[in-house]
Structures are given as C-alpha cells and as structure tokens.
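Here is the structure we will look at, set down as structure tokens.
What you see is a predicted model, and the numbers here were worked out from it, not measured in a lab. Lettering follows sequence order; numbering is per chain, from 1.
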2 protein chains.
Amino acid sequence: MGSGRVTSVTTLPLLSDAVVCCPPLSSAPLPADAAVPLAQAFSALSDPVRLRLLSLLMTADGGEICACDLVEPVGRSQPTVSHHLKALRDAGLVIGTRRGSNIWYAVVPEQLAALRAVLAPAG
Amino acid sequence: MGSGRVTSVTTLPLLSDAVVCCPPLSSAPLPADAAVPLAQAFSALSDPVRLRLLSLLMTADGGEICACDLVEPVGRSQPTVSHHLKALRDAGLVIGTRRGSNIWYAVVPEQLAALRAVLAPAG
DNA sequence: GCCCCCTATCGACAACCATCAATGTATAGG
DNA sequence: CCTATACATTGATGGTTGTCGATAGGGGGC
C-alpha cells in the first residue's frame, strides 16, 4: 500500500468512550445505565445511508475509501454524508485518517464484533 | 412447560414481511432499497427500553415472560411498554402468545441471528 | 350480565433526527 | 498571499419517536 506521496497523516478524534463492551443480552438482564450506550451504538446502524456507507467501506479493497468517493454512491449531499460519517465515528464504527487533503475512512471491525456479541444467544 | 390449564391460545399478528434476510454488509455494497428494511430492523434495537425488554426475555427461564411482568422491571408506564413490544413485534424480534387473559412474549432467535449475520466480517 | 384485570390504541406534547444550503476551516499549489 | 479543493459545522425545516394519561376491547370469574 501507499501508492502516493503523503505529506501529513492525522487521525481524527474518536470517541473511544462510546465503544461498547460486550456482555450478551442473554447473559443477564441489562441494567438501565448499560442500555443507553448500547442503544446509541445500534442507533448508528438504524439509518439506511449509514448502513450503505458501512457496506461500501467493508467491501472496498484496501478496506478504506476517500470521503470524496462516498458522496455520489449514496446519493446524498456532501454535508449529509459528512453528518452520517460523524455519527459512525462517534459510535466507534469507523475511523477517518487524513492523508494530504483527503480523509480516508475504514471500518473498525472490533466494534462491529462487539455489537454482534451483544446479540449472541444464550450459552 | 404447561404448568397451568389453558383455555385459549392465540398468536398475535406478526409482520413476517419485515423479517430481514441476511446478505452481510461485507459481501457487496448494500443497495438503497435493501438498506431501508435493514435500518428499520436495527432501529428496533436502538432504544434502551427495548434492549432491556429483549434482555429480560432472553434471560427468562422458559424463554418467555408475561407482558404484565415486563412493566415494572423497565420502569415505564404500561402503554409505553406495550408500544415498545409492538415495535419489537413489528421488527420480528419477539412474538406474543395469548394464554387466557395474559400475553406471553418470547424472542425470535432466528431474527437476532439474521441481524448478527448482517454484521459479519468479510469471508 | 356485571365487574375486574390485562393489553392495546388514541391523542398530545416534547425531544430528537435527516436533510440541504450556506458558511467555515484546513490543506495543497502557485 | 491568493486561489482552489476537501471536509466539517451551522442553521433552518419537516418528519419521526418516546412518553404518558385516558380510553377501548378482550377474557375470566362470579
């Protein structure tokens, strides 16, 4: 990888506090305070545009796509796409890395795995 | 099961059309029209009360709980709990069965598995 | 038939959310 | 410094959603 010269690389701030850790719903009754961040995480998946963005990133070869190449495929305005990318970032589902004047997005597979684990059936 | 005499049994209507089938996001870019029902399904998981209801059902022994026993644990009014149970029913995540004057709810594990599959990483 | 319990539905209200146009901020190139 | 490009943020707006009180409807017991 690295097909072009890169002058600066910055990782955008990521709300790692929002990252969900994983007791399955089936292990014990979910306490009210644990339910809130979990619901926020699933809320990030509750929009068609965000699901499509995730899918685009997951199927991208190299595992990342420039933000500029995400606008046209989902058929929304640039600010709207930026808004959804922020939602995904805040949920810890994607990460953005600046390279030159572009920002490349990639999924955070651990976070997806955590959500999957929450839905796992009983032992 | 079957600790008491049952005079009538009715299965509440279930929107099986809303049931999600399972191509993982990682298999191909998600088309716009497929994204909508999927987003609705995840939307059912995007509320703390609904997550707690699901968790209560999943941890219940016998796998089901009377609706009357779901109100107090989640700390919401009866109409609100009923509203959330309808949302979970519409998403195909739970099913309600009338027995006498009570309605017993249980999770639909296949539907949870389908949502888990959607989040699965690339082969 | 009457009454009580259980559950769903209705109506209302406040809070939240997706969307876009306009604007702001940062980086790259001259 | 100036301009162009890429992305984020702001502000406004219409639609959706969570919540509760009040009400309706279905069952069982008497």
Of the candidates D:dT9, C:dC6, C:dA8, the side chain of B:Ser82 sits closest to C:dA8

What is the separation between atom [atom1] on [X] and atom [atom2] on [N], rounded to the nearest whole Å?
| X | N | atom1 | atom2 | answer |
| --- | --- | --- | --- | --- |
| B:Arg89 | C:dT9 | CZ | P | 6 Å |
| A:Leu88 | D:dA8 | CG | C1' | 15 Å |
| B:Asp47 | C:dC17 | CG | P | 11 Å |
| A:Leu53 | C:dT19 | CG | P | 10 Å |
| B:Arg98 | C:dC6 | CZ | C1' | 8 Å |
| B:Arg76 | D:dG21 | CZ | C1' | 16 Å |
| B:Asn102 | D:dG25 | CG | P | 21 Å |
| A:Arg50 | C:dT19 | CZ | C1' | 12 Å |

Are A:Leu51 and B:Val118 side-chain neighbours, meaning at least one heavy-atom pair lies under 4.5 Å? no

In the structure I gave you, are the side-chain heavy atoms of B:Ile65 and B:Tyr105 within less than 4.5 Å of one another anywhere? no

Given DNA chain D, 5'-ward residue of the pair A:Pro79 and B:Ser77, judged by closest heavy atom: A:Pro79

So, does A:Ser27 use its side chain to make a donor-acceptor pair with the main chain of A:Ala122 at under 3.5 Å? no

Is there a donor-acceptor pair closer than 3.5 Å between any side-chain N or O of A:Ser55 and the backbone N or O of B:Ala28? yes

Please report the closest heavy-atom contact between B:Leu112 and B:Met58, naming both atoms and the distance. CD1-CE, 3.7 Å

Would you say A:Ser101 reaches C:dA28's phosphate, i.e. side-chain N/O to OP1/OP2 under 4.0 Å? no

Does C:dA8 have OP1 or OP2 under 4.0 Å away from a side-chain N or O of B:Tyr105? yes

Have a look at B:His84 and say if it touches a base, only the backbone sugar-phosphate, or nothing, with a 4.0 Å heavy-atom cut-off. sugar-phosphate

Ignoring hydrogens and angles, does a donor from either the side chain of A:Gln78 or the base of D:dA8 sit under 3.5 Å from an acceptor on the other? yes

